[in-house]
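Okay, structure first, notes after.
Proteins get letters first, then strands, A, B, ... in listed order; numbering begins at 1 in each. Everything numeric in this text was worked out from a predicted model, so none of it was measured.
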2 protein chains.
Amino acid sequence: MKYSIGEFSRITSLSIKSLRLYHEKEILVPSEVDKSTGYRYYNERNIELARTIKVLKEYDFSLAEIKEIIIEFSDESEILEQLIEKKKDIEKKIANYKNISLSIDLIITIEKENKMKPENEFEIEEKEVETMLIAGSRMKGKYSDVGKGFGLLAKNLGREINGKAMSLYYDAEYKENDADIEPCFPVRKGKDTEGISVRELKGGKCISLIHKGPYEQIGESYRKIFSYINEKSYTTLIPSREVYIKGPGMIFKGNPKNYLTEIQIFIQ
Amino acid sequence: MKYSIGEFSRITSLSIKSLRLYHEKEILVPSEVDKSTGYRYYNERNIELARTIKVLKEYDFSLAEIKEIIIEFSDESEILEQLIEKKKDIEKKIANYKNISLSIDLIITIEKENKMKPENEFEIEEKEVETMLIAGSRMKGKYSDVGKGFGLLAKNLGREINGKAMSLYYDAEYKENDADIEPCFPVRKGKDTEGISVRELKGGKCISLIHKGPYEQIGESYRKIFSYINEKSYTTLIPSREVYIKGPGMIFKGNPKNYLTEIQIFIQ
DNA sequence: TATAAGCGCTGCCCCAAGGGGAGAGTCAAG
DNA sequence: CTTGACTCTCCCCTTGGGGCAGCGCTTATA
């Protein structure tokens, strides 16, 4: 029994285009080719081979790999190595996609959270903050160096990040150059590693003000919040915090006019 | 400050080829192109955009998708939809690769098992078989219909298959056309579904003989095993089993001369 | 036996996301 | 002014085919 390419295509569920390609690549050669007309005819053995090719394709082998396999081997026990290799490839792909999925998920979660609460409109507020687990990287230097700290943290924590980036300020006064700062992230869990300390950050009562606009103009908001504190004669605690509710994102830099930074000064 | 394409390539870790492609596709257009020489020059804003593009590429967006996104949007909160869609895509890919991985794993496991025991060389043996959980699809018909049964089972069980394909024979005698057969697979777990019954198959003592060669010649092995049983005056139980130690595989049909089929006749 | 519908053939262009290289022009430093 | 490093455009190649044009072949029916 011999089949024309159309019949064979229906039998094997391989497109005619694919069959011609496989012929050209000498992966699946028709049992008979009419020399004068060029018509391809396939037989039962071709069907068997086509099935093998289809399965290997499902298993994500490339045509080049398939060609090698079907030329050299004719039994599963002979291609154990290749199967093991392929499985490793696939596990790698899975791991990679899982990382991507988690990264995207983090962005989605944070953005959704931001959308939920349009926050009481930039007024000073007294509130309770809960204790949380954080991973931070304390450093001395300029404020502009903090970005690197966040980069380091994000790379090492990746999947465990559980909230918005924050900075802790250990100086009582404003320092231009030699500030004692700790960029940090809330995390689900984690261990201390090179330069990163994971620990509980105690909550408590704080005075909070959300600053809207570029970070360079945050001084004005600090002025407001301290004048409020002086008025009320509160005693402040160290460290104070900045929570980056909305800043340069993972994907876009965004518009600095819309950045939101919450200042939290803790009091006794 | 403006950068030549080479400098910009080093800054952004994007290849020159890619940069030229992105220019052509109007995804990342240099801030300045010298009209007479065609030299491309990039600026700081290009760096920002390049970072965005890189991140989106890491997240598995195509250039076409990226183009749409960067033309229309400039903040993460605006592309939540796209991120959610992309995450779905990625979850699908993960699920698909996981299925492939499990399928390959099954083949590897079975082949490794086959390699381990070259089986006592095709002699009649009395042995104990343990109770196992199986999923089967009992049917009446010709032996040649059994293949379809296995296909159905494999498709529905997929990941839960835990051993070699078997057939249970419920007839005391040989039947050509109307045999009462149950193709089945050992499984890890499972529930009854359309036409598939999952249950424990009791173990016990059996007379076993491994038949080597094409299935069509299995009659000779049956003759041997029954003459042994008669000699010993054992009382046989129903159903008897055939275990397909090595038959047509998932990938290759293999050579029928090397097929191995174990006949198990259970006795009291 | 003629004819038309339906197949099949080759050859060409296309997709994504670039890689490699040829041949020619340009830039910057000595 | 030269030289070496850089950049330009153009073309071909990759994977696994899809789509179409223009032609020839087959086969059933009139």
Side-chain angles (χ1 to χ4, degrees), chain A residues 1-43 46 50 52-70 86 89-90 93 96 100, chain B residues 1-43 46 50 52-70 86 89-90 93 96 100:
Chain A
M1 194 55 198
K2 68 183 190 182
Y3 309 99
S4 69
I5 197 168
E7 291 164 345
F8 192 70
S9 164
R10 266 168 260 138
I11 291 169
T12 59
S13 310
L14 289 166
S15 74
I16 291 178
K17 272 286 182 185
S18 301
L19 290 173
R20 292 208 262 248
L21 180 69
Y22 298 170
H23 182 190
E24 186 193 318
K25 299 214 172 204
E26 296 186 298
I27 292 170
L28 179 50
V29 180
S31 61
E32 186 193 328
V33 178
D34 188 312
K35 271 171 198 142
S36 62
T37 68
Y39 273 37
R40 296 168 177 87
Y41 295 99
Y42 295 84
N43 66 11
N46 288 141
T52 298
I53 292 169
K54 279 196 71 174
V55 177
L56 289 174
K57 257 164 48 84
E58 275 170 29
Y59 291 173
D60 213 45
F61 285 91
S62 71
L63 292 188
E65 291 169 323
I66 291 174
K67 182 173 178 180
E68 276 190 42
I69 289 176
I70 61 181
K86 183 55 68 179
D89 285 1
I90 287 173
K93 287 189 186 178
N96 181 36
I100 295 175
Chain B
M1 193 56 196
K2 68 182 190 181
Y3 308 98
S4 70
I5 197 168
E7 290 164 347
F8 193 70
S9 165
R10 267 167 259 137
I11 291 170
T12 58
S13 309
L14 289 166
S15 75
I16 292 180
K17 277 284 181 185
S18 301
L19 290 173
R20 292 208 263 247
L21 181 69
Y22 298 169
H23 181 189
E24 187 193 319
K25 300 216 170 202
E26 298 185 297
I27 292 170
L28 179 50
V29 180
S31 60
E32 185 193 329
V33 178
D34 187 312
K35 269 170 199 144
S36 63
T37 70
Y39 273 39
R40 298 168 177 86
Y41 295 99
Y42 296 84
N43 66 10
N46 289 141
T52 298
I53 292 169
K54 279 197 72 175
V55 176
L56 289 172
K57 258 165 50 84
E58 273 170 31
Y59 291 173
D60 214 45
F61 285 91
S62 71
L63 292 189
E65 291 169 325
I66 291 174
K67 183 173 178 180
E68 278 189 41
I69 288 178
I70 61 180
K86 183 55 69 178
D89 284 3
I90 287 173
K93 287 189 185 177
N96 181 36
I100 295 175

Does I69(B) form a side-chain contact (heavy atoms from CB on, under 4.5 Å) with I66(B)? I'd like the steps, not just the answer.
CA-CA 5 Å; I69(B) 288 178; I66(B) 291 174; 5.6 Å; no
Contact check, side chains of V33(B) and Y39(B), non-hydrogen atoms, under 4.5 Å:
no
Quickly work out the E24(A) CD to dC12(C) C1' distance and round it to whole Å.
13 Å
Under 4.0 Å between a side-chain N or O of S18(B) and OP1 or OP2 of dA17(C)?
no
State whether K67(A) places a side-chain N or O below 4.0 Å from either non-bridging phosphate oxygen (OP1 or OP2) of dG16(D).
no
Just call it for F8(A): base, sugar-phosphate, or nothing, with non-hydrogen atoms closer than 4.0 Å on any strand.
nothing
Find which nucleotide of DNA chain C each of L63(B) and D34(B) is nearest to by heavy atoms, and output the residue with the more 5' nucleotide.
L63(B)
One thing to verify: whether R40(B) and D34(B) come together as a salt bridge, which I'm taking to mean a side-chain N less than 4.0 angstrom from a carboxylate O.
no
Quick check for you: to the nearest 0.5 Å, what is the distance between S9(B) atom OG and L14(B) atom CG?
7.0 Å
Between K25(B) and dG18(C), does any side-chain N or O lie under 4.0 Å from OP1 or OP2?
no
Under 4.0 Å: is that the gap between some side-chain N or O of Y22(B) and OP1 or OP2 of dA17(C)?
no
With B for base contact, S for sugar-phosphate-only contact and - for none (protein heavy atoms under 4.0 Å), nucleotides 3-13 of chain D reads ---BSBBB---
Quick one: pull up CD1 in I53(B) and CD1 in I70(B) and give me the separation to the nearest 0.5 Å.
4.5 Å
Report the residue (L21(A) or S36(A)) whose heavy-atom-nearest nucleotide on DNA chain D is the more 5′ of the two.
L21(A)
